[in-house]
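Down below is the structure, laid out as structure tokens.
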Amino acid sequence: MFLDAVLTNYKSIGAQVHSTKLEAGRAEAVISGFPNEALCAELDADCSLAEAYHDVAAPVAERLGLTWWWGSSGELTTLVVTAGVTRRWPRSSASRMSPSPWTIRSR
């Protein structure tokens, strides 16, 4: 259910869901279209800053006893939520500006 809610948010900002996979204790989705490169170019915005949106789900997942992970490869982004918390979300305001401990980026 957590991943369904997250995907609803992504779809509301223009992402397309390509696949979902549900297993015991693990849910995964592959999306594209966020951040929207064309829109970023039109607005003269740095799309890499929009990637911070992927980290928003991490502290919510932790409070629910889940672990959040995401990674990008080309135009596709994989979102994964698993049962059980493996890392704690940083509490200080300075550390919240850093990438999530659940984030793995590959390009």
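- Placement of Val80 and Val30 in two distinct hydrophobic clusters is found when ILVMFWY residues are connected by side-chain heavy-atom separations under 4.5 Å, directly or transitively.
- Of all the heavy atoms in Pro35 and Ala50, the pair that sits closest is CB-CB, 3.6 Å.
- A pairwise comparison of heavy atoms in Ala15 and Phe34 identifies CB-CB, 4.0 Å as the closest pair.
- Taken to the nearest 0.5 Å, the CD1 atom of Ile13 stands 11.5 Å off from the OG1 atom of Thr8.
- With 3.5 Å as the limit, one finds a donor-acceptor pair spanning the side chains of Trp70 and Asp55.
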Next on the checklist: Using side-chain contact (heavy atoms from CB on, under 4.5 Å), reason through His18 and Leu76 one step at a time and then give a plain yes or no.
Outcome noted: CA-CA 9 Å; His18 292 275; Leu76 300 177; 3.9 Å; yes

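- A distance-only check finds a donor-acceptor pair linking the side chain of Gln16 to the backbone of Gly14 [under 3.5 Å].
- Tyr10 and Leu39 fall into different hydrophobic clusters, where Ile, Leu, Val, Met, Phe, Trp and Tyr are joined by side-chain heavy atoms under 4.5 Å apart, directly or via other members.
- Of the possible donor and acceptor atoms, one in the side chain of Trp68 sits under 3.5 Å from a partner among the backbone N and O of His54.
- Clustering ILVMFWY residues whenever any of their side-chain heavy atoms sit less than 4.5 angstrom apart, transitively, puts Leu79 in a cluster other than the one holding Leu22.
- At distances below 3.5 Å, not a single donor-acceptor pair connects side-chain atoms of Thr77 with backbone N or O atoms of Ile31.
- Taking 4.5 Å as the limit, every side-chain heavy atom of Asp4 sits out of range of all side-chain heavy atoms of Thr20.
- Atoms NZ and OG1, from Lys21 and Thr78 in turn, are 10.5 Å apart once rounded to the nearest 0.5 Å.
- The local environment of CD in Glu42 is sparse, with at most 12 non-hydrogen atoms from other residues, nucleotides or ligands closer than 6.0 Å.
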Item to check | Stepwise side-chain contact (heavy atoms from CB on, under 4.5 Å) test for Asn9 and Tyr53 | outcome: CA-CA 10 Å; Asn9 288 332; Tyr53 185 81; 3.4 Å; yes

